[in-house]
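Order of appearance sets the numbers: ligands from 1, and atoms from 1 within every ligand. Note that the structure is a prediction, hence the values are computed from the model and not measured.
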Amino acid sequence: MRILLIEDESKVSDFVARGLSDERYAVDTARDGKSGLEFSTTYQYDLIILDLMLPKISGADVLRQIRRKNTTVPVLVLTARDSIQDKVGIFEAGADDYLTKPFAFAELLVRVKALLRRGPVNRASTIRVDDLELDRLSQQVKRAAKRVELTSKEYSLLEYLMCNAGRVLSRTMIIEHVWDQSFDGITNIVDVYVRHLRTKIDEGHERKLIRTVRGVGYSISDGSET
Ligand code: CA
């Protein structure tokens, strides 16, 4: 899951970004409304966290412009206590939820999870492909009812593949969703991680679920459609 955080206050931005990364989300941060808007149109996000008081372009204007182009991405607004009378306006502008500053990270996380669950793509808490099962609440993965231990990147990669089961995902799509914007490393990182996943998910099982589509990318499926 990839999240965009638009917040100019570095203290808040750092603490939210660090907390979300610890929870295995890929987080991009923007420090003003203009760059936030640019990020939101350049990359695909599963959620946007938006501060209202921002330099260059205000949060409310950013939100209106996001909604003009993208009606489905969930937006969580951060507001200062004195602007709470504006909350009707925030919802009218297209926010899905709001949080008043100062807030505890635990509360932010609950709202983030709730928004991601009800978001536009497959947000079911348990995703299954054949006998492979991924529980997004406990972040546990099982193959043939046996627990599979994954690192956090392996988990994120598998979650993205399973949310899009049956679709072929290019390496670029995978990098954009699973790694964050600071990533500019080796281009075969996806292949390396898919290899790790294969070892843990498919090795020792007769049915192989992870497929390579030569020249295109990867997909996960139970094979019934091919
Ligand atoms: Ca601010």
Tell me if a side-chain donor or acceptor on Ser13 pairs with a main-chain N or O of Glu9 at a distance below 3.5 Å. no

Check for a donor-acceptor pair, side chain of Glu23 on one end and backbone N or O of Tyr25 on the other, with a separation under 3.5 Å. no

What do you get for the angle at the Ca ion (ligand 1) between OD1 on Asp8 and O on Met53, to the nearest 10 degrees? 90°

Glu7 near the Ca ion (ligand 1): N/O/S under 3.0 Å: no

Would one find an N, O or S atom of Asp51, in either backbone or side chain, under 3.0 Å from the Ca ion (ligand 1)? yes

Spell out, as yes or no, whether a donor-acceptor pair under 3.5 Å connects the side chain of Asp96 to the backbone of Val75. yes

Side chains of Val141 and Ile201: closer than 4.5 Å at any heavy-atom pair? yes

